[in-house]
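One structure is given below, encoded as structure tokens.
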2 protein chains.
Amino acid sequence: MDLTIAEENYLKAIYHLSEGGKKSVSTNDIAGEIQTKPASVSDMLRRLSEKQVIEYRKYYGLQITESGKQLALQTIRKHRLWEVFLVDKLQFAWDEVHEVAEQLEHIQSPLLIQRLDAFLNYPKFDPHGDPIPDEYGDVRSRPRIPLNEMNIDQVGQIVAVKDSSAAFLRYLDKVGAYIGARIKVLDKVEFDGSVEILVDQKKTLFMSKDVASNILVVQS
Amino acid sequence: MDLTIAEENYLKAIYHLSEGGKKSVSTNDIAGEIQTKPASVSDMLRRLSEKQVIEYRKYYGLQITESGKQLALQTIRKHRLWEVFLVDKLQFAWDEVHEVAEQLEHIQSPLLIQRLDAFLNYPKFDPHGDPIPDEYGDVRSRPRIPLNEMNIDQVGQIVAVKDSSAAFLRYLDKVGAYIGARIKVLDKVEFDGSVEILVDQKKTLFMSKDVASNILVVQS
DNA sequence: AAATTAAATTAGATATATCTAAAAAAAATG
DNA sequence: CATTTTTTTTAGATATATCTAATTTAATTT
């Protein structure tokens, strides 16, 4: 079962929305994620359903099938491997890689991905800290919590951001926070939820609850 | 002026056929090169003409424009850089790279190609010995002649093949001829044009005129 | 529960890219 | 130079992917 590029993009969006905790994925949600109109989504859902990568009942809802999930995971695997390549080998900044990886993820060649994986030394996480599924679609993710849910004096490591808009990524870069940074919570302000953290045992940083809740960490 | 992937492929084929020595490029030639039907070619020629990458007069013929040539050269540049990447970095064999490079050549990101070029150390030739155009479309190619046109006792180096079909490439590999091999012409048979060559000062090889005329060499 | 609002789908259009079959133009042949 | 053959183009169909506008279904409100 081969998917077109558009179908791959829809399926990836559906997978992300399904995993995003939401109970059901709506046509509007998908339209928002893909930057398209609900009418186009309805059309595509019918096609994806015919290809059996989703189960779909009109006006009711949809569910991604096991084979659909596997296909989505392989696309995600390719996307994240290419991101590692761009950052590690071609000196891209971690907030510049998304668009190019969106194109590269659709290249079809199992051998290419196998070799790329080896060339990059089998990375387990992409430059944003997101886990890279293996060739069987298995993801070994560490438990991650929003920074604002850590307690005072706890230490951990930034592993990802929820909102990966270029604007937010640039903001993080500017204040000196980055994926992989080791942090310690120095203080939490009760009434507004803002936090004060120590980055790499050197720099003190103050951030609003809005910002802190967008940063995901693993505790150590 | 942005081209679709199909348009890029047609334009590249037209460029190759134009450079291939032939005085005029026919609809049938293009259909053969692209693996499509003449009717589809006619349609596409109209579109390429509208986008001003070719000049086209129905039933008469076509000419690639300067801007068309530049676009084709950039696609070829990308294709060949990716081939170098696949062979040098990912251990692909030189007869395995074409299909994947056909996909990778359509990735749009000037920065990516700039960085890839640097990462590969600004290669001037691809794994088949074909020259890589620079970012301005300039190609510095060495004078190349078919192997069967060399004279007895002359020495040189294999730099490319005319017919790069997988079958032919595998044949070459099998007999021990490869891009970069240093050769010396030991004998030429007048009546059938076949040649006997010494490869890397070790191995003696006998080949028909058909094979020899498909192998391009630079003399030294 | 009827009326209103929101969400989702269908109908119909457009654009790309392809095909087969038919028609037109150019080239080759007797 | 008229006829045949080849080449090329057009006409009409199909498939993908998208849109706007209209319709249908579901959810919400009164």
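Residue numbering restarts at 1 for every chain, and letters A, B, ... go by the order of the sequence lines. As the structure is a computational prediction, the values presented were derived from the model and not from experiment.
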From the set [options], return the single nucleotide nearest to any side-chain atom of [X].
X	options	result
A/N28	C/dT20, C/dT9, C/dA7	C/dA7
B/K37	C/dT9, C/dT20, D/dT9	C/dT20
B/R47	C/dT16, D/dT10, D/dT18	C/dT16
B/A6	C/dA17, C/dT20, D/dT16	C/dA17
B/Y59	D/dT18, D/dT8, D/dT10	D/dT8
A/S26	C/dT18, D/dT9, C/dA8	C/dA8
B/T27	C/dA17, D/dT9, C/dT9	D/dT9

When the distance from [atom1] of [X] to [atom2] of [N] is rounded to whole Å, what number comes out?
X	N	atom1	atom2	result
A/L3	D/dT16	CG	C1'	13 Å
A/R46	D/dA17	CZ	C1'	11 Å
A/M44	C/dT9	CE	P	14 Å
A/D43	C/dT10	CG	P	8 Å
A/E8	D/dT16	CD	P	15 Å
B/R57	C/dA26	CZ	P	10 Å
B/Y60	D/dT9	OH	P	13 Å
B/I34	C/dT16	CD1	P	17 Å

Check whether any side-chain heavy atom of A/L48 lies under 4.5 Å from a side-chain heavy atom of A/E7, and answer yes or no.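 Yes, close enough: below the 4.5 Å cut-off.
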N or O in side chain of [X] less than 4.0 angstrom from [N] OP1/OP2:
X	N	answer
A/S42	C/dT9	yes
A/T4	D/dA17	yes
B/S40	C/dC19	yes
B/Y10	C/dT18	yes

Could you tell me whether the side chains of B/H106 and B/N9 share a donor-acceptor contact shorter than 3.5 Å? yes
Presence of salt bridge, B/R144 and B/D130, under 4.0 angstrom: yes
Salt bridge or not between B/K12 and B/E102? Use side-chain N to carboxylate O under 4.0 Å. yes
How close do A/A93 and A/V97 get, counting heavy atoms only, and between which atoms?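 Closest pair (atom of A/A93, atom of A/V97, distance): O-CG1, 3.5 Å.
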With nearest nucleotide decided by heavy atoms, which residue, A/Y56 or B/K58, maps closer to the 5′ end of DNA chain C?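 Result: A/Y56.
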